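Chain identifiers are assigned alphabetically (A, B, ...) following the order of the sequence lines, protein sequences preceding nucleic acid strands; residue numbering begins at 1 within each chain. Bear in mind the structure is a predicted one, so any value in this text is a computation, not a measurement.
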Amino acid sequence: MPLITANNFFEPGKRYFRDFSPGDEFYEALLEAHQNLTDEQSAQLNAKLILLLANHIGDIAILREAMALAREDTE
Amino acid sequence: MLSTYRYPKFEYRTPPELMAPGKAGRYPVVVVGAGPVGLGTAIDLAAQGVPVLLLDNDDTVSLGSRGVCYAKRALEILDRLGCGQTMVDKGVSWQVGRTFFRDEEVYSFNLCPQPDHHRPGMINLQQYHLEERLVARAGQLPNIDLRWKNNVVSVTAGEAGATLSVETPDGFYTVTTDWLIAADGARSHIRKLLGLDIEGRVFMDRFLIADVVMQADFPPERRFWFDPPFHPGQSVLLHRQADNVWRIDFQLGWDCDPEEEKKPEKVIPRVRALLGDDRPFELEWVSVYTFQCRRMRSFRHGPVFFVGDAAHQVSPFGARGANSGFQDHDNLAWKLKLVMDGKAPDSLLDTYTEERGAAADENILNSTRSTDFITPKSRTSLLFRNAVLGLARKHAFARALVNSGRLSVPSHLTRSRLNTPDEDGFAGDMVPGAPMDDAPIAAPGGEKWLLSILGNRFQLLYFVEDAAGIDERTAATLASLAGDAVPVEAVVVARSGAAPSGLRTVHDVAGRIAERYDATPGTTYLARPDQHVAARWRVFDPVKVQRAVAVATGNAVPNLMEAA
Ligand SMILES: Cc1cc2nc3c(=O)[nH]c(=O)nc-3n(C[C@H](O)[C@H](O)[C@H](O)COP(=O)(O)OP(=O)(O)OC[C@H]3O[C@@H](n4cnc5c(N)ncnc54)[C@H](O)[C@@H]3O)c2cc1C
C-alpha cells in the first residue's frame, strides 16, 4: 500500500457531520501535546512522536516515501 | 459618515407609561436590544402571534463595519421570518473561499457544493443593511412595539417575571413582564445587573478592519492570505460587500499601537500594497478590534433568557456570531410560544440552554481552533502551521488541515432530549436533531423549496410514490393529527398525484428530498417548528408520532398500550 496523502483522519465510533472536523480535532490534540513546553522540549517531543508513529506504521517503504516527501521544498 | 450609506434615524416616541404616569405597563414578553438577534427574536415571536415589547437604547442601526457574512442557515431562518429575500437581493452571494500562503493559492473550499438548494452558502452584507431590513420587517408586524431611545437601567427577576426600569428622553418608567429576553449584546447590561458571569478566553491579537469603496472585478469569493508579501508575517482577509464596499481585515499582532494603526496614513499604504496597482479607492471605515470566545454557563435564569452576543461570543473567523444568534431565537421562540399557550411544561424552556449551549460549545470550539491556526501561539505551532501550508500545495490531507476559518454551519442537536432515537435504519445526515436540508419541490401553492413550507408548527412528512394511492383510512389518520393538543400538520411528499382528504401534497420534483432524507415509500419524518428533525420512521404509526411530539415538547409521554 502506498503512502496515504488523502484526508484520512477519523476516530472509531465517532460520527462527524463536517469534513473538516476530524482533521481539526487531531490538530488541536497535537498543539495540546506541546502546550507549555520550551522549543527544545517540543523538538524532543516531535522526535519521540515520529519514532512512535514510524514503528506503528512499520513498513519502511512507506516511511521512506514520507521522508522523501517531507524533505521536498525543505532546503 | 459613510459615502455609500446614510444611517437611518428612528423616531423616539413617548411611551404610553409616561403619557399616563403612575401606570406600570405589564407585558407578556419584553426583548431588550434591537441588534440583529433582538430584532430576529421579536419578529419570530410576533409572527407566531405573541405580542412583543422591544426596547433599544439607540435610535439607529449598527455603526461602522461589524458583521459581514450571513450563512445559509441564517438566511433560511430569515426566510421563515419573511425577510430572507431582501437580504439576498442586497447582499453578495458566494460559495467559494480561496486561501493563499505567501504568494501561492494552497487551498479552496466550496461552502455548498451540492446543487438544488435555495440559499447560497453565504452572503456578504454590511450589518447596518441587515439591521435596517430587519427593522423594516418588524415594522410590518402590528404586535411588535419597538421603542428607540429606551435604555434599560435596572432589572429584577423572580418567579413571577421580571421588572425593568427604563430611561427615556422624557424620564424613567417601569415595566413588568412574564418573560424577559436579553439581546443586549456582548457587554450585556442585564447580565451584569443580574450578577451573572460569562467565561472564556481572550485572544492576544489585534485586527485592523478597513472598509474600502472601489471598482474591482475580483469574483465574489472570500480570499484569505497567510503571510502574504504585502503584509508579511500576518494574515489578511478580503470580502466583497454590497455597493462596491470591500472589507479587509489585517492581522496586526498584539504589540501594535491601535490608535496609530487607525490613521489613514498608515491604513492607505496597507490597502495599496494589497491591491498591488494604483486603482482609485476611498477609505470608508477603519477600526481595530480584539476578540474573545466565551459563553454564559446557562442561557436561562428563571424568566430571563439570554440570546446572541449577550449569551456567547466567538472570534469572527467563522462568522459564527450573528449567525448563531439567529439560531438562538429559532430555537427559543416556538418553545416559549408553546409554554405561554399552556401546551408544554416550563421544563421545555430548559432545553433552550441545553441545545443552544451545545451549539455555542461547537461554535467556540471551531472558532478557537481557527484562531489557534491563524495566530500561532508558540514557535512550534507556527512551525506546524507553516508545514501544513507548505504540504497543502501538493497533498490533499494537508489542505483539509488548513484552517482559515470554519464558516458558520448549524449544529446537529444529536444529544438533545427532545429527539426520539432512531429505531429504523437510515443513511445520511438527517438524524434526529439535524437541521433539515432544503430541496426543490413543486406544490399547488407555487412554493419551490421544501424549507419554504416548513416551520412555525410541528409537521409530519409522509413519503409515497403516488399521493393519490394513499388509502382513505391512512389519509384520515394523517389529517386528524392537526386536531391534537399540539397540532401536527401532515404533508405528503410524493413523486406524483394529489392526496385524498385535502391533505397537503408536495412533489419531490428533482428526487432530492428522497435522496437527502434517505426516504422510501412509507418513510415518515416529524419536523419541529424550527426545521429540525424530531423523529423518523420507515412506517407511519400515529401512536409513535404522538409519543415523539410529547418527547419533543417536554410533555408526559402517553403510554403506548393505552393509546393503542
Ligand atoms: C469585526 C467583527 C466582525 C464580525 N463578523 C461577523 C460575521 O461575518 N458574521 C456574523 O454572523 N457575525 C459577525 N460578527 C458578530 C456580530 O456582529 C454579532 O454577533 C452581532 O452583532 C450580535 O448581535 P446581537 O443582537 O446579539 O448584539 P448587538 O448587535 O450588540 O446588539 C445589541 C443591541 O442592544 C442594545 N442595547 C444594549 N444595552 C441596552 C440597554 N441597556 N437597553 C436597551 N438596549 C440596549 C444596543 O444598542 C444594540 O442595538 C462580527 C463582529 C465583529 C466585531
Side-chain angles (χ1 to χ4, degrees), chain A residues 1-54 56-57 62-75, chain B residues 97 101-102 104 106-107 109-111 113 318 362 365-373 375-415 428-431 433-435 437:
Chain A
M1 202 178 63
L3 181 72
I4 299 169
T5 56
N7 186 4
N8 189 39
F9 293 108
F10 64 96
E11 190 165 345
K14 197 150 175 185
R15 164 122 207 215
Y16 300 94
F17 292 96
R18 311 290 170 196
D19 293 344
F20 54 75
S21 294
D24 285 1
E25 204 162 300
F26 154 71
Y27 197 80
E28 182 183 22
L30 178 64
L31 296 191
E32 255 168 31
H34 283 276
Q35 209 157 37
N36 301 325
L37 297 185
T38 63
D39 293 346
E40 175 59 26
Q41 288 166 330
S42 273
Q44 281 173 25
L45 186 147
N46 281 337
K48 290 183 212 164
L49 196 57
I50 290 166
L51 296 172
L52 286 163
L53 295 174
H56 179 86
I57 293 161
I62 291 203
L63 292 168
R64 278 191 216 286
E65 201 183 334
M67 287 185 270
L69 289 185
R71 177 95 196 201
E72 274 178 24
D73 313 317
T74 296
E75 255 90 348
Chain B
F101 180 38
R102 304 200 170 122
E104 245 184 286
V106 288
Y107 168 64
F109 60 81
N110 186 329
L111 289 174
E362 189 175 314
L365 181 75
N366 280 293
S367 301
T368 302
R369 285 171 175 174
S370 300
T371 309
D372 285 340
F373 195 89
T375 308
K377 269 154 217 62
S378 67
R379 266 181 62 91
T380 305
S381 354
L382 180 66
L383 203 62
F384 274 118
R385 205 276 306 271
N386 288 347
V388 166
L389 291 169
L391 288 166
R393 271 178 286 237
K394 287 190 192 152
H395 306 297
F397 88 95
R399 287 195 279 282
L401 293 175
V402 174
N403 189 342
S404 64
R406 302 302 191 197
L407 295 168
S408 177
V409 279
S411 295
H412 287 67
L413 307 170
T414 51
R415 295 209 198 124
D429 285 350
M430 291 297 100
V431 299
D437 264 348

Quick one: what part of [X] sits under 4.5 Å from any heavy atom of chain A, side chain, backbone, both or neither?
| X | value |
| --- | --- |
| B:L383 | neither |
| B:N403 | side chain |
| B:S381 | both |
| B:T414 | side chain |
| B:K394 | side chain |
| B:H412 | side chain |

Say you draw a straight line from OG1 of B:T380 to CD of A:Q35; how long is it, rounded to the nearest 0.5 Å? 11.5 Å
Using 0.5 Å steps for rounding, measure from the OG atom of B:S378 to the CG atom of A:L31.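 Here the rounded value is 7.0 Å.
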Is it true that B:R393 and A:D73 make a salt bridge, defined as a side-chain N closer than 4.0 Å to a carboxylate O?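 No, no charged N to carboxylate O under 4.0 Å.
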Interchain contact, A:L30 with chain B, by part (heavy-atom threshold 4.5 Å):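 A:L30 touches chain B through side-chain heavy atoms alone.
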Heavy-atom cut-off 4.5 Å, strictly under: side chain, backbone, both or neither for A:E25 against chain B? both
With respect to chain B, which residue among A:I4, A:L69, A:N8 yields the maximal number of heavy-atom pairs within a distance under 4.5 Å? A:L69
Ranking A:D39, A:N46, A:T74, A:L45 by heavy-atom pairs under 4.5 Å to chain B gives rank one to A:D39
Is any side-chain heavy atom of [Y] closer than 4.5 Å to one of [X]?
| X | Y | value |
| --- | --- | --- |
| B:F373 | A:D24 | no |
| A:F9 | B:L401 | yes |
| A:R18 | B:N366 | no |
| A:R15 | B:V431 | yes |

Could you tell me which non-hydrogen atom of B:A396 sits nearest to which non-hydrogen atom of A:A6, and how far apart they are? CB-CA, 4.1 Å
Would a distance-only check, ignoring hydrogens and angles, find a side-chain to backbone donor-acceptor pair under 3.5 Å from A:Y27 to B:R385? yes
Which one, B:R379, B:R369, B:R399, leads in non-hydrogen pairs under 4.5 Å with chain A?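 Most pairs with chain A among the choices: B:R369.
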